Amino acid sequence: MKIVSIIGARPQFIKYFMVSKALKKYKIKDILIHTGQHYDYLMSKVFFDELHIKKPDYNLGVGSCERDWQIKKIFKRSKQILVKEKPDAVLVYGDTNSTLGGAIAAIKAKVPLAHVEAGLRSYDKNMPEEKNRVLTDRLSSVLFCPSKRAVLNLKKEGFRQAAIFNTGDVMYDALLYSVDKAKKKTAIFRKLGVKKKSYCLFTMHRQVNTDNKRNFEKIINFINKVSRDNIIVFPMHPRAGKCYKKIKARFSGNVRIVKPVGYLDSVALLAGSRCLFTDSGGMQKEAYWLGIPCVTLREETEWPETLKGGWNVLLKNYKCFKKPGSRREPFYGDGRASERIAGVLIKWIKIL
Ligand code: UD1
Ligand code: UDP
């Protein structure tokens with residue numbers, strides 16, 4: 001049995017990392033296409049190096065460009081590879097342009113498509129991610145959902161029940177697998193000159209925040225206010241870096257802007273922080289799993305379970321920094337999502 005995975009952006013390397021381990025365990029041949037959507041060392045290769053992910057079998061080298069053009073390049077180049085490789089199925093992950101480009105390629109090459117992290121909805125159609133996830137779900141034959149709510153979302157939209165599986169979240173698998181190793185990392189704290197629990201972590205990269213001057217400035221004002229009483233560590237995503245150069249507002253001196261970090265350092269920094277401010281999807285959940293209070297710098301979240309018990313708060317509802325006392329429910333599975341995915345693929349491909 002042969003599966004082709006198509007990935008290209010930072011969180012997808014982390015998702016694939018665990019799924020690839022499970023594919024190996026089930027002796028499924030695993031071909032990897034890297035679209036090249038992310039290409040800087042700190043946005044791509046660092047993950048392959050530190051997580052020992054295999055070298056991609058193909059790199060499409062699409063780079064950065066306008067969304068429609070990027071998706072088109074991904075699907076055209078992936079399709080050629082799929083026609084040659086003739087896999088039993090294609091796996092795409094999450095909600096990026098690489099996800100949708102890969103999904104279209106599978107359909108055009110007439111290869112069955114499976115979507116990891118299916119069924120999530122923010123119900124904000126202006127977000128490219130929302131378009132990518134809705135369209136990818138529609139094109140998929142098998143939908144691997146990270147939560148009960150994701151399954152319900154698909155049911156509400158009339159998806160065929162038989163193809164939907166609640167596997168749990170592969171990012172939870174990755175966190176459980178890596179957290180002990182990450183917590184032993186100390187160099188990053190020395191490098192940044194911060195002690196554990198003496199700082200808050202901050203990340204942002206959503207277009208709605210970076211590419212809109214008013215929203216970017218609103219977030220800068222908010223972070224500067226919080227930074228009066230807290231050191232803020234900000235591993236700056238390249239999209240945010242590019243947009244920051246174009247605006248006048250500046251972060252205060254208590255905001256330590258650094259380059260993006262690798263996954264283990266990211267988990268170490270999060271686990272060692274007092275609080276997270278973010279618009280990242282993956283980091284909202286990681287904060288939840290690690291018991292770190294989070295303020296989500298968006299109007300809504302596709303991970304609403306994390307809002308329960310006050311562990312995650314949307315910016316508009318944020319009043320002050322406080323640690324929630326309530327217990328965290330296991331909304332996203334038990335850390336064995338990747339194995340379930342591999343198990344389902346084996347059975348499902350046999351009945352095709
Ligand atoms: C993409 C995904 C987003 C995901 C994020 C994870 C889409 C529509 N967006 O957003 O869902 O949460 O990845 O990080 O697919 N750049 C570099 N070096 C790189 C990559 C990007 O400098 O290695 C710069 C380029 O100027 C580029 C910009 O960042 O134009 C944005 O990159 P892009 O991949 O389009 O979107 P992200 O914001 O990274
Ligand atoms: N992350 C990382 N380095 C960083 C910032 C984040 O390794 O400098 C990790 C983070 O721990 C999480 C994933 O990247 O596992 C989230 O990716 P991102 O925020 O880019 O995308 P999203 O989850 O919003 O799609």
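Here the structure is a predicted model, which is why all the values come from computation and not from measurement. Hydrogens, waters and symmetry mates play no part in the numbers below; they use all other heavy atoms, side chains included. Atoms within each ligand, like the ligands themselves, are counted from 1 in listed order.
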Colleague: For ligand 1, is His237 a contact, meaning one of its heavy atoms is under 4.0 Å away?
Modeller: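 Distance cut 4.0 Å: His237 passes for ligand 1.
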Colleague: Please could you name the atoms of ligand 1 that Met43 approaches to less than 4.0 Å, counting only its heavy atoms?
Modeller: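 The list of qualifying atoms is 23 (O).
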Colleague: Please list the nearest protein heavy atom to atom 27 (C) of ligand 1 with its residue and the distance rounded to 0.1 Å.
Modeller: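 Answer for atom 27 (C) of ligand 1: Ser64 OG, 3.3 Å.
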Colleague: Taking Ile7 as the starting point, is it possible to reach Leu135 by hopping between hydrophobic residues whose side chains are less than 4.5 Å apart?
Modeller: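 Unlinked, Leu135 and Ile7 end up in two clusters.
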Colleague: Pull out every atom of ligand 2 sitting under 4.0 Å from any heavy atom of Pro260, numbered as shown with elements.
Modeller: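 Ligand 2 atoms under the 4.0 Å threshold to Pro260: 8 (O).
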Colleague: What is the distance from atom CD1 of Ile341 to atom CG of Leu23, rounded to the nearest 0.5 Å?
Modeller: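 The CD1 atom of Ile341 sits 9.0 Å away from the CG atom of Leu23.
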Colleague: Considering heavy atoms of the protein only, find what lies nearest to atom 36 (O) of ligand 1 and give residue, atom and distance to 0.1 Å.
Modeller: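 Its nearest protein heavy-atom neighbour is Arg239 NH2, 3.3 Å.
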Colleague: Heavy-atom contact check, 4.0 Å cutoff: does Arg206 meet ligand 2?
Modeller: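 It does, in that a heavy atom of Arg206 comes within the 4.0 Å cut-off of ligand 2.
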Colleague: Any nitrogen or oxygen of Thr203, side chain or backbone, less than 3.5 Å from one on ligand 2?
Modeller: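 No, no N or O pair falls under 3.5 Å.
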Colleague: Is the closest side-chain donor-acceptor distance between Asp173 and Ser338 under 3.5 Å?
Modeller: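 Side chains of Asp173 and Ser338: pair found under 3.5 Å.
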Colleague: Consider every N or O of Asn97 and every N or O of ligand 1, then say whether any pair is closer than 3.5 Å.
Modeller: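 Yes.
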Colleague: Any nitrogen or oxygen of Gly281, main chain or side chain, under 3.5 Å from a nitrogen or oxygen of ligand 2?
Modeller: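 Yes, at least one N or O pair falls under 3.5 Å.
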Colleague: Students often mix this up, so state it plainly: with edges at 30° and 60°, are the rings of Tyr332 and Trp289 parallel, tilted or perpendicular?
Modeller: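 If you compare the ring of Tyr332 with that of Trp289, the planes turn out perpendicular.
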Colleague: What residue and atom, counting heavy atoms only, is the protein's closest point to atom 21 (O) of ligand 2, and at what distance?
Modeller: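 Sorting protein heavy atoms by distance from atom 21 (O) of ligand 2 puts Pro11 CG, 3.5 Å first.
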Colleague: Taking the ring of Tyr263 and the ring of Phe47, is the distance between their centroids below 6.0 Å?
Modeller: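 No, the ring of Phe47 stays outside the 6.0 Å limit from the ring of Tyr263, centre to centre.
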Colleague: Can you tell me how far CG of Leu276 sits from OG1 of Thr203, rounded to the nearest 0.5 angstrom?
Modeller: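 These two atoms lie 6.0 Å from each other.
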Colleague: Write out the residue and atom name of the closest protein heavy atom to atom 9 (C) of ligand 2, then the distance separating them to 0.1 Å.
Modeller: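 Closest protein heavy atom to atom 9 (C) of ligand 2: Ser266 OG, 3.7 Å.
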Colleague: For atom 1 (C) of ligand 1, which candidate among Gln37, Lys131, Gln70, Met127 holds the nearest heavy atom?
Modeller: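 Among Gln37, Lys131, Gln70, Met127, the closest heavy atom to atom 1 (C) of ligand 1 comes from Gln37.
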Colleague: Measure the distance from atom 3 (C) of ligand 1 to every protein heavy atom, then report the residue, atom name and distance (to 0.1 Å) of the closest one.
Modeller: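 Answer for atom 3 (C) of ligand 1: Glu129 OE2, 3.2 Å.
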Colleague: Nearest 0.5 Å please: distance from the CG atom of Asn153 over to the CG atom of Asp137.
Modeller: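 The CG atom of Asn153 sits 9.5 Å away from the CG atom of Asp137.
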Colleague: Where is the nearest protein heavy atom to atom 18 (N) of ligand 1: which residue, which atom, and how far?
Modeller: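 The protein heavy atom lying closest is Asp40 OD2, 2.8 Å.
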Colleague: For the atom pair OG (Ser64) and NZ (Lys242), what is the distance rounded to the nearest 0.5 Å?
Modeller: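 Those atoms lie 6.5 Å apart.
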Colleague: Distance check, rounded to the nearest 0.5 Å: Lys316 atom NZ versus Glu299 atom CD?
Modeller: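 Taking NZ in Lys316 and CD in Glu299, the distance rounds to 4.5 Å.
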Colleague: Among all the protein's non-hydrogen atoms, which is closest to atom 23 (O) of ligand 2, and how far away is it?
Modeller: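 Here the nearest protein heavy atom works out to Gly282 N, 2.8 Å.
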Colleague: Backbone, side chain, both or neither: what part of Glu129 comes under 4.0 angstrom of ligand 2, heavy atoms only?
Modeller: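 Under 4.0 Å from ligand 2, Glu129 contributes no heavy atoms.
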Colleague: So do Leu91 and Phe144 actually touch side chain to side chain, heavy atoms under 4.5 Å?
Modeller: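 In contact.
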Colleague: Taking atom types as modelled and ignoring hydrogens, do the side chains of Asn230 and Asn254 form a donor-acceptor contact shorter than 3.5 angstrom?
Modeller: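 Absent: no donor and acceptor within the cut-off.
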Colleague: Can you tell me if Arg67 has a non-hydrogen atom under 4.0 Å from ligand 1?
Modeller: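 No, Arg67 has no heavy atoms under 4.0 Å from ligand 1.
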Colleague: Rounded to the nearest 0.5 Å, how far apart are CG of Leu100 and CD of Glu129?
Modeller: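 It comes to 12.0 Å.
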Colleague: Can you give me the closest heavy-atom contact between Ser98 and Gln12, atom names plus distance?
Modeller: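 So the two residues come closest at CB-OE1, 3.8 Å.
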Colleague: For the residue pair Tyr39 / Asn59, report whether a side-chain donor-acceptor contact shorter than 3.5 Å exists.
Modeller: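 No - no donor-acceptor pair under 3.5 Å links their side chains.
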Colleague: Quick one: nearest non-hydrogen protein atom to atom 39 (O) of ligand 1, plus distance?
Modeller: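 Protein heavy atom at minimum distance: His38 NE2, 2.7 Å.
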Colleague: Among Asp169, Thr306, Asn312, find the one that has a side-chain hydrogen bond (donor to acceptor under 3.5 Å, both in side chains) with Lys285.
Modeller: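 The side-chain hydrogen bond (donor to acceptor under 3.5 Å, both in side chains) with Lys285 is passed solely by Asp169 among Asp169, Thr306, Asn312.
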Colleague: Tell me which protein heavy atom sits closest to atom 2 (C) of ligand 1, plus the residue, atom name and distance to 0.1 Å.
Modeller: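 The closest heavy atom on the protein side is Thr96 CG2, 3.9 Å.
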Colleague: At a 4.0 Å threshold, what atoms of ligand 2 neighbour a non-hydrogen atom of Pro235?
Modeller: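 This gives 8 (O) as the contact atoms.
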Colleague: Just to confirm my output: which protein heavy-atom neighbour is closest to atom 6 (C) of ligand 1, and how far is it?
Modeller: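 Going atom by atom, the protein heavy atom closest to atom 6 (C) of ligand 1 ends up being Pro11 CD, 3.4 Å.
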Colleague: Need the ligand 2 atom indices (1-based, order shown) with element for anything under 4.0 Å from a heavy-atom of Met171.
Modeller: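 Result: 12 (C), 15 (O).
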Colleague: Classify the ring geometry between Tyr93 and Tyr16 as parallel (under 30°), tilted (30 to 60°) or perpendicular (over 60°).
Modeller: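 Because their plane-to-plane angle is over 60°, the rings of Tyr93 and Tyr16 count as perpendicular.
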Colleague: Could you tell me which atoms of ligand 1, counted from 1 in the order shown, lie closer than 4.0 angstrom to a heavy atom of Lys242?
Modeller: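 In order of numbering, the contacting atoms are 26 (O), 30 (O).
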Colleague: Looking at atom 24 (C) of ligand 1, what's its closest protein heavy atom, distance included?
Modeller: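 The answer is Pro238 CB, 3.8 Å.
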Colleague: Taking 4.0 angstrom as the limit and counting only heavy atoms of Phe47, give me the atoms of ligand 2 inside it, by number and element.
Modeller: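 Near Phe47, the atoms of ligand 2 are 7 (O).
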Colleague: Say whether Thr99 and Thr136, considering side chains only, have a donor N or O and an acceptor N or O under 3.5 Å apart.
Modeller: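 On atom types as modelled, these side chains do not qualify, holding no pair under 3.5 Å.
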Colleague: Starting from atom 4 (C) of ligand 2, what is the nearest protein heavy atom, named by residue and atom, and what distance separates them?
Modeller: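 So the nearest neighbour among protein heavy atoms is Arg10 NH1, 3.2 Å.
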Colleague: Looking at ligand 2, would Val261 count as a contact under a 4.0 Å heavy-atom criterion?
Modeller: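 Yes, Val261 has heavy atoms under 4.0 Å from ligand 2.
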Colleague: List the closest protein heavy-atom neighbour of atom 13 (C) of ligand 2: residue, atom name, distance to the nearest 0.1 Å.
Modeller: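 Going by distance alone, atom 13 (C) of ligand 2 is nearest to Ile14 CD1, 3.8 Å.
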Colleague: Can you pull out the closest protein heavy atom to atom 19 (O) of ligand 2? Residue, atom name and distance to 0.1 Å, please.
Modeller: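 The closest heavy atom on the protein side is Ser280 OG, 2.7 Å.
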Colleague: So if I count the atoms of ligand 2 from 1 in the order they appear, which ones are less than 4.0 Å from some heavy atom of Tyr263?
Modeller: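 Matching atoms, with element in brackets: 7 (O), 15 (O).
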Colleague: Only heavy atoms of His205, strictly under 4.0 Å: list the atoms of ligand 2 that pass.
Modeller: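 Contacts of ligand 2 toward His205, numbered from 1: 18 (P), 19 (O), 20 (O), 21 (O), 24 (O).
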Colleague: May I ask you to establish whether Arg250 and Tyr244 are in a cation-pi arrangement, using a distance under 6.0 Å from NZ or CZ to the six-membered ring centre and at most 45° from the ring axis?
Modeller: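 Judged by the rule, Arg250 and Tyr244 form a cation-pi pair.
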Colleague: Distance to the ring centre below 6.0 angstrom and angle to the axis at most 45 degrees; does that hold for Arg138 and Phe159?
Modeller: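 Ring-cation test returns yes.
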Colleague: Between Lys148 and Glu305, is a salt bridge (charged side-chain N to carboxylate O under 4.0 Å, His left out) present by the stated rule, with each step listed?
Modeller: CA-CA 10 Å; Lys148 271 191 207 158; Glu305 299 88 350; over 6 Å; no
Colleague: Below 4.0 angstrom from a heavy atom of His205, which ligand 1 atoms are there? Numbered from 1 as shown, please.
Modeller: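 Listed by number with element: 4 (C), 5 (C), 6 (C), 12 (O), 38 (O).
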Colleague: Looking only at protein heavy atoms, which one is nearest to atom 15 (O) of ligand 2, and what is the separation?
Modeller: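 Answer, as residue, atom name and distance: Glu286 OE2, 2.5 Å.
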Colleague: Which atoms of ligand 2 are found less than 4.0 Å from any heavy atom of Gly262?
Modeller: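 Answer for ligand 2: 7 (O).
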Colleague: Hey, is Gln207 touching ligand 1 through its side chain, its backbone, both or neither, going by heavy atoms under 4.0 Å?
Modeller: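 None of Gln207 does.
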